[in-house]
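Remarks on the structure that follows.
Residue numbering restarts at 1 for every chain, and letters A, B, ... go by the order of the sequence lines. These numbers were taken from a predicted model, which means no experiment stands behind them.
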Number of protein chains: 2
Amino acid sequence: MTTTPTPTRKDAARNRSLLLAAAEDLFRDAGLDVTLKDVARHAGVGVGTVYRHFPTKDDLVAALFAQQLEAEIERARKSVEAGDSWEALVDYLKESMRLQSSNRGLRALMCPAGSVFDSVRECKAVVNPLIDQLVKSAHAQGTLRPDCTSRDIALLQVGLVGIMDATPEDPNAYRRHLALFLDGVRV
Amino acid sequence: MTTTPTPTRKDAARNRSLLLAAAEDLFRDAGLDVTLKDVARHAGVGVGTVYRHFPTKDDLVAALFAQQLEAEIERARKSVEAGDSWEALVDYLKESMRLQSSNRGLRALMCPAGSVFDSVRECKAVVNPLIDQLVKSAHAQGTLRPDCTSRDIALLQVGLVGIMDATPEDPNAYRRHLALFLDGVRV
DNA sequence: GCAGAAACGGAACGGTCGGTCCACATCAGG
DNA sequence: CCTGATGTGGACCGACCGTTCCGTTTCTGC
């Protein structure tokens, strides 16, 4: 898990961008199992070039999703700062799940199996307390069932990801489940 | 997907049993990704012997889970025949999910990805109409939210499987989500 | 435009998987 | 027993993956 410096040479910088763009496309649509040979071909470069820029596949994945993980943290923070607790919790869930539904790679990353990545573990370590806070606020406000814990919310997210993975033909199928669940835990 | 006849010779019959037992153990605990070499070693035989009894890995899987799929159908049928519609639906879900939670291989088989198996597709083709019926009955009885469809129930199951896969350290974690969801769709 | 550093591309490596093959062991009927 | 049919085991095959290596190409500072 090495941090790769941005290259100085013009062609190298260009290829790095091409690689990240190709990886983003492929990982988004086909998940993290995509071959690095595919990424290289899609970017119009050789495999060797991939490994020059990213020592391992994990490094490529980490570099690619670093920004999205940051966004996930930011999203949770924004929701915590919002006023209405129920709406804040729901908005966070909707937005977080919407992004995961449109990105198969991100989904694989956020699942427990993806915790082999330091960056993912760090992200969760930051986000989880924020969700705790969202849940506590909603409890205090009396808009969330008192026995609904932040672990319940975490498992809800896991379940929704399972639904997304199972319904690639209907990327919005998960919304139905989310809505029904929320109906059950409100007030 | 060939049907393998039960062998006549004594040693062959014994090895077949050993293989099925080993496969059951390994698939239950570690999922369908277990290597056939592992199955062979666990059974104390060579790989060649595996392929004599089961021409492909899929044949082994199909032979192993045929009985469990039958049981799944029987479970659904029983629930349809039961009187109380809400209880029937809930009992079916609880029992079906309990079995899947205790068997990682069965879980992989019942997920959409497992539908490459004819036997699984057949099982679903039989079970789905039965679930339709359970849902319809509950609607008629007025114990299930009118807008909760059998597809919602199917997605609930998919979500629960996702939770099970994500919480191997707590095989009962899914029950919490099931309970909360059911609270939301009752009456 | 030249020289050397930097980057490139893709053949090749080591590992794993499902599956095949065949010399050898084992069983069952006469 | 003994003999032929049946079953066995594990070396081996081909495909695929992440990764390495190195001869060749491309860039950059002078």
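- Phosphate contact (OP1/OP2 of C:dC8, side-chain N/O of A:His53, threshold under 4.0 Å): present.
- Contact annotation: A:Asn15 reaches the phosphate of C:dC8 (side-chain N/O to OP1 or OP2, under 4.0 Å).
- In terms of the side-chain contact (heavy atoms from CB on, under 4.5 Å) criterion, residue partners of A:Thr149 (sequence neighbours excluded) are, by chain and number, A:Arg151, A:Asp152.
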Which donor-acceptor pairs under 3.5 Å do the side chains of residues 80-94 of chain A make with protein atoms, sequence neighbours left out?
unit_1  : atom_1 : unit_2  : atom_2 : d
A:Asp84 : OD1    : A:Trp86 : N      : 3.0
A:Asp84 : OD1    : A:Glu87 : N      : 3.2
A:Tyr92 : OH     : A:Glu72 : OE2    : 2.8

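- A:Arg14 pairs by the side-chain contact (heavy atoms from CB on, under 4.5 Å) definition with A:Leu18, not counting sequence neighbours.
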Run the side-chain donor-acceptor check on residues 179-187 of chain B: report pairs under 3.5 Å with partners two or more places apart or on a different chain.
unit_1   : atom_1 : unit_2   : atom_2 : d
B:Asp183 : OD2    : A:Arg145 : NH1    : 2.7
B:Asp183 : OD2    : A:Arg145 : NH2    : 3.1

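- For A:Glu95, the side-chain contact (heavy atoms from CB on, under 4.5 Å) partners at least two apart in sequence or on another chain are A:Arg75, A:Arg98, A:Leu99.
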Under-3.5 Å N/O pairs linking protein and nucleotides 28-30 of chain C:
unit_1 : atom_1 : unit_2  : atom_2 : d
C:dA28 : OP1    : B:Lys10 : N      : 3.3

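- Rounded to whole Å, atom P of C:dA7 lies 16 Å from atom CG of A:Leu18.
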Less than 3.5 Å apart, which donor and acceptor atoms pair up between the side chains of residues 159-167 of chain B and the rest of the protein, not counting sequence neighbours?
unit_1   : atom_1 : unit_2   : atom_2 : d
B:Asp165 : OD1    : B:Arg107 : NE     : 2.8
B:Asp165 : OD1    : B:Arg107 : NH2    : 3.0
B:Thr167 : OG1    : B:Ile163 : O      : 2.8

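- With hydrogens and angles left out, the side-chain atoms of A:Thr49 and A:Asn15 include no donor and acceptor closer than 3.5 Å.
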With sugar-phosphate taken as primed atoms, P, OP1 and OP2 and all else as base, the protein-contact string of nucleotides 10-22 of chain D at under 4.0 Å (heavy atoms; B, S, -) is BB-----SSBB--

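- The CZ atom of B:Arg41 sits 14 Å away from the C1' atom of C:dC17 (whole-angstrom rounding).
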Name every donor-acceptor pair, under 3.5 Å, that has one atom in a side chain of residues 19-35 of chain B and the other anywhere in the protein, sequence neighbours excluded.
unit_1  : atom_1 : unit_2  : atom_2 : d
B:Asp25 : OD1    : B:Arg28 : NH2    : 2.8

